[in-house]
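Read through the structure below, which is laid out as structure tokens, and then see the notes.
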2 protein chains.
Amino acid sequence: MRRMTARPANAHQARLLKLLRDQGPNSRAQLGDQIELSRSKLAVEIDRLLETGLVVADGLAASRGGRRSHNVRLAPGLRFLGVDIGATSVDVAVTNAELEILGHLDEPLDVRDGPVAVFEQVLAMAGKLKDAGLAEGFDGAGIGVPGPVRFPDGVPVAPPIMPGWDGFPVREALSQELGCPVMVDNDVNLMAMGEMHAGVARSVRDFLCVKIGTGIGCGIVAGGAVHRGVTGSAGDIGHIQAVPDGRPCACGNRGCLEAHFSGAALARDATEAARQQVSAELAARLETHGTLTAVDVAAAAAAGDATSLELIREGGTRTGQVIAGLVSFFNPGLVVIGGGVTGLGHTLLAAIRTQVYRQSLPLATGNLPIVLGELGRTAGVIGAARLISDHLFSPA
Amino acid sequence: MRRMTARPANAHQARLLKLLRDQGPNSRAQLGDQIELSRSKLAVEIDRLLETGLVVADGLAASRGGRRSHNVRLAPGLRFLGVDIGATSVDVAVTNAELEILGHLDEPLDVRDGPVAVFEQVLAMAGKLKDAGLAEGFDGAGIGVPGPVRFPDGVPVAPPIMPGWDGFPVREALSQELGCPVMVDNDVNLMAMGEMHAGVARSVRDFLCVKIGTGIGCGIVAGGAVHRGVTGSAGDIGHIQAVPDGRPCACGNRGCLEAHFSGAALARDATEAARQQVSAELAARLETHGTLTAVDVAAAAAAGDATSLELIREGGTRTGQVIAGLVSFFNPGLVVIGGGVTGLGHTLLAAIRTQVYRQSLPLATGNLPIVLGELGRTAGVIGAARLISDHLFSPA
DNA sequence: AGACTTTCTCCACCGACAGGACAAAGAGGG
DNA sequence: CCCTCTTTGTCCTGTCGGTGGAGAAAGTCT
């Protein structure tokens with residue numbers, strides 16, 4: 001299959017492509033209702049898009065009491081690759097132009113193995129998806145990495161948990177390997193974009209997306225756009241002080257949020273509790289698995305283990321303290337909680353909510369939903385596909 | 001004088017008006033260099049602006065080796081009123097269309113007297129400036145109030161320190177009284193806009209502006225635009241918890257930043273120190289003035305009083321702790337410190353800097369200036385004038 | 001079958017804009 | 001003082017983007 005080469009020639013075409021992406025097949029009339037453009041002009045632009053091959057005819061729609069409309073849709077052969085690299089696992093998915101997931105793989109991985117090893121694995125996973133017949137090639141790829149990224153050129157900068165990645169030209173290297181345009185961003189930002197595109201944050205223009213996995217980060221969406229900060233490190237809330245003179249953190253300070261609550265901290269606390277025989281439930285799991293993770297704590301809590309519940313509640317409270325400050329500062333319309341620890345579910349959510357509603361100003365919390373993400377581990381890859389499609393569906 | 005009635009008819013005219021506002025008189029050629037428009041089209045738009053009276057001819061400029069250029073400038077009779085209402089004082093200034101201050105008054109005031117009394121005073125001050133021959137009327141006014149504002153309609157909402165203002169239609173009422181368009185915003189946001197227009201934050205697109213006065217607030221500028229949050233309360237950092245189980249705060253919580261450091265807290269601490277005879281310097285000032293304010297602490301510190309220095313240092317450390325979190329979160333390119341306590345100067349600044357540089361991530365602080373505001377108490381009124389001019393210089 | 005609706009296309013007209021030609025006004029050199 | 005070069009500003013024409021109306025195409029409903 002010939003890969004996508006054309007780009008929208010102007011802002012109107014870009015707008016139309018994004019409408020078709022977000023809403024699927026549409027008739028000219030439906031599109032005309034949503035765009036400030038006369039029918040005639042609209043027809044011209046759609047004809048041009050049809051010529052480029054980005055858009056194809058999609059049969060007749062049902063009549064609404066008059067002449068039946070001719071639908072158009074994005075080219076069905078377009079394929080985006082979404083990659084979400086975490087600290088200990090990676091998700092790779094193929095989507096069509098409407099950002100629907102056609103195939104999704106996840107594998108364990110150690111990001112500390114460095115970019116070369118990681119990309120070998122990622123490319124192999126992409127190859128598997130191709131071999132399964134889901135794509136013959138990719139028109140674009142979005143990549144999320146667990147650290148700060150200099151966004152314009154797609155290069156990680158000084159990532160604390162990714163030694164060996166500093167300055168590696170991710171965008172350029174992958175673009176070369178895949179033979180298509182690539183965009184790179186922080187994994188948390190992509191999760192936020194995913195939830196904004198297809199999750200709980202649909203149509204919300206100002207919100208925070210807190211991702212609690214191995215570490216803790218926060219995607220910031222202001223006015224419908226991701227705020228990345230001047231060096232791409234915005235949202236790095238894991239090292240905000242949550243406990244004065246608290247636990248030592250890898251960053252050199254004490255009391256960082258991440259030192260007190262995160263996937264890694266929770267696993268450590270649980271192991272400690274198991275070893276000290278504080279919790280029989282956890283001790284049994286340690287015996288079985290040889291090591292404990294957040295998943296074990298979630299399972300133990302679900303089984304009613306008091307120690308696990310207390311660990312989750314305390315972590316939620318710490319996290320809630322920090323989020324409370326961010327809510328006062330940023331005044332979002334929504335807070336989304338996601339990431340690996342989402343399995344901790346409503347115990348965690350309740351602790352966070354309690355703390356935020358107690359500490360933040362009533363005006364800021366009055367109508368503030370705090371909810372779990374809706375997309376789970378697909379949020380990142382959908383966000384990645386969204387990132388590259390936003391790029392490709394903009395005038396060149 | 002006939003007041004401004006016209007508004008720019010399109011985006012080009014708006015762009016030209018803003019260029020003339022920010023750069024003063026300009027020739028067509030100079031304007032053409034900064035705008036993506038052909039000379040012919042540019043000339044047409046300028047002619048139209050000349051017809052409306054918003055812009056006037058301003059003589060010939062010096063030759064640059066060829067034909068001398070005909071300058072144009074914004075109508076010299078345009079007048080904006082900038083009002084910055086604080087908790088205990090009010091600033092009122094008149095500017096021309098280039099936002100240069102032609103006259104400036106400040107008076108003490110108690111915002112708790114309610115909107116009616118306050119506006120009576122403000123209108124009287126505006127009248128004085130008129131009587132001084134600085135204006136015959138106003139083409140627009142910007143108003144800053146010390147509390148959250150529902151921005152689109154210019155109404156304070158649930159302002160903690162402004163009982164009696166909740167829901168008062170400030171914009172509508174003042175527009176009626178002054179007979180000109182009015183825009184209302186939080187005083188901190190206006191300070192940020194002022195420093196962005198004419199102060200230290202010129203040409204910075206992402207920065208924080210921390211105003212420490214009676215209370216503490218923070219203006220947030222993201223991508224060159226003020227972020228106000230969904231309910232207009234963004235930047236309300238005074239009630240972020242700075243000290244776990246710290247002092248009780250008026251908001252009902254404990255350990256709020258504002259309870260530990262602000263103009264009001266500092267005055268209280270100083271009075272306490274004077275009463276307890278910890279500081280002879282402060283005790284003497286209490287004797288003389290009957291009451292102590294931040295100004296007394298600043299003076300005592302300047303005179304070498306150890307207690308005052310320590311109070312400032314501790315306050316700066318607390319503030320720095322909170323700012324450190326915000327810096328990690330927002331990753332700004334600049335932090336501006338301003339407000340009434342700016343008089344505390346470099347002792348305060350040093351304490352804040354130390355804490356931020358210690359606690360925030362190196363990537364976020366690596367190239368982060370933390371500086372005092374440059375405009376002092378004019379920042380608010382310049383920001384207010386800027387606010388209304390941005391509004392008036394946009395297509396209707 | 002006829003009336004009404006909805007969708008889409010065609011066409012004439014308008015305004016936005018670019019770019020070149022040209023005029024005006026100055027600098028500088030011989 | 002004349003000539004050339006430079007810069008600025010105006011005028012004119014051609015092009016393109018875009019609107020809105022007329023009308024054809026293709027339905028539904030009575």
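Quick note: numbers below take in every heavy atom, side chains included, and nothing from hydrogens, waters or symmetry partners. Letters go in sequence order (proteins before strands), and every chain restarts at 1.
- Closest-nucleotide positions on DNA chain C for A:S69 and B:K41 were compared, and the one nearer the 5' end corresponds to A:S69.
- The backbone N or O of B:L134 lies less than 3.5 Å from a partner atom in the side chain of B:R79, making a donor-acceptor pair.
- Counting any heavy atom pair closer than 4.0 Å across all strands shown, B:S40 reaches a base atom.
- Rounding to whole angstrom units, CZ of residue B:R67 and P of D:dG9 are separated by 7 Å.
- Side-chain contact annotation: B:Q30 with B:Q23, donor-acceptor N/O pair under 3.5 Å absent.
- Taking CG from A:N367 and OG1 from B:T231, the interatomic distance works out to 9.0 Å, rounded to the nearest 0.5 Å.
- Using a 4.0 Å cut-off, some side-chain N or O of A:S38 falls inside it from OP1 or OP2 of D:dT19.
- Taking atom CG of residue B:L60 and atom C1' of nucleotide C:dA25, one finds them 10 Å apart after rounding to whole Å.
- Summary of the strand contacts: B:R39 and A:E36 both lie near DNA chain D, and taking for each the nucleotide with the nearest heavy atom, the more 5' one is attributed to B:R39.
- One interatomic measurement links the two molecules: CG of A:L42 to P of C:dC10, which rounds to 14 Å at whole-angstrom precision.
- A salt bridge does not link A:E45 with A:R15: none of the charged nitrogens is closer than 4.0 Å to a carboxylate oxygen.
- Here the C1' atom of nucleotide D:dG17 and the CZ atom of A:R48 are 8 Å apart, to the nearest Å.
- With the nearest nucleotide of DNA chain D identified for both A:H70 and A:N10, A:N10 has the one nearer the 5' end.
- Rounded to whole angstrom, the span from the CD atom of A:Q30 across to the P atom of C:dT7 amounts to 8 Å.
- One can place CD of A:E45 at 14 Å from P of C:dT9, the figure rounded to the nearest angstrom.
- One finds a side-chain N or O of A:R28 lying less than 4.0 angstrom from the OP1 or OP2 phosphate oxygen of C:dT9.
- OP1 and OP2 of D:dG17 both lie 4.0 Å or more from every side-chain N or O belonging to A:H12.
- Judged by distance alone, with hydrogens and angles left aside, the side-chain atoms of B:D206 form a donor-acceptor pair with the main-chain N or O of B:G223 at under 3.5 Å.
- D:dA24 atom P lies 23 Å from atom CZ of A:R68, rounded to whole Å.
- Taking atom CD1 of A:I35 as the reference point, atom P of D:dT19 lies 10 Å away to the nearest angstrom.
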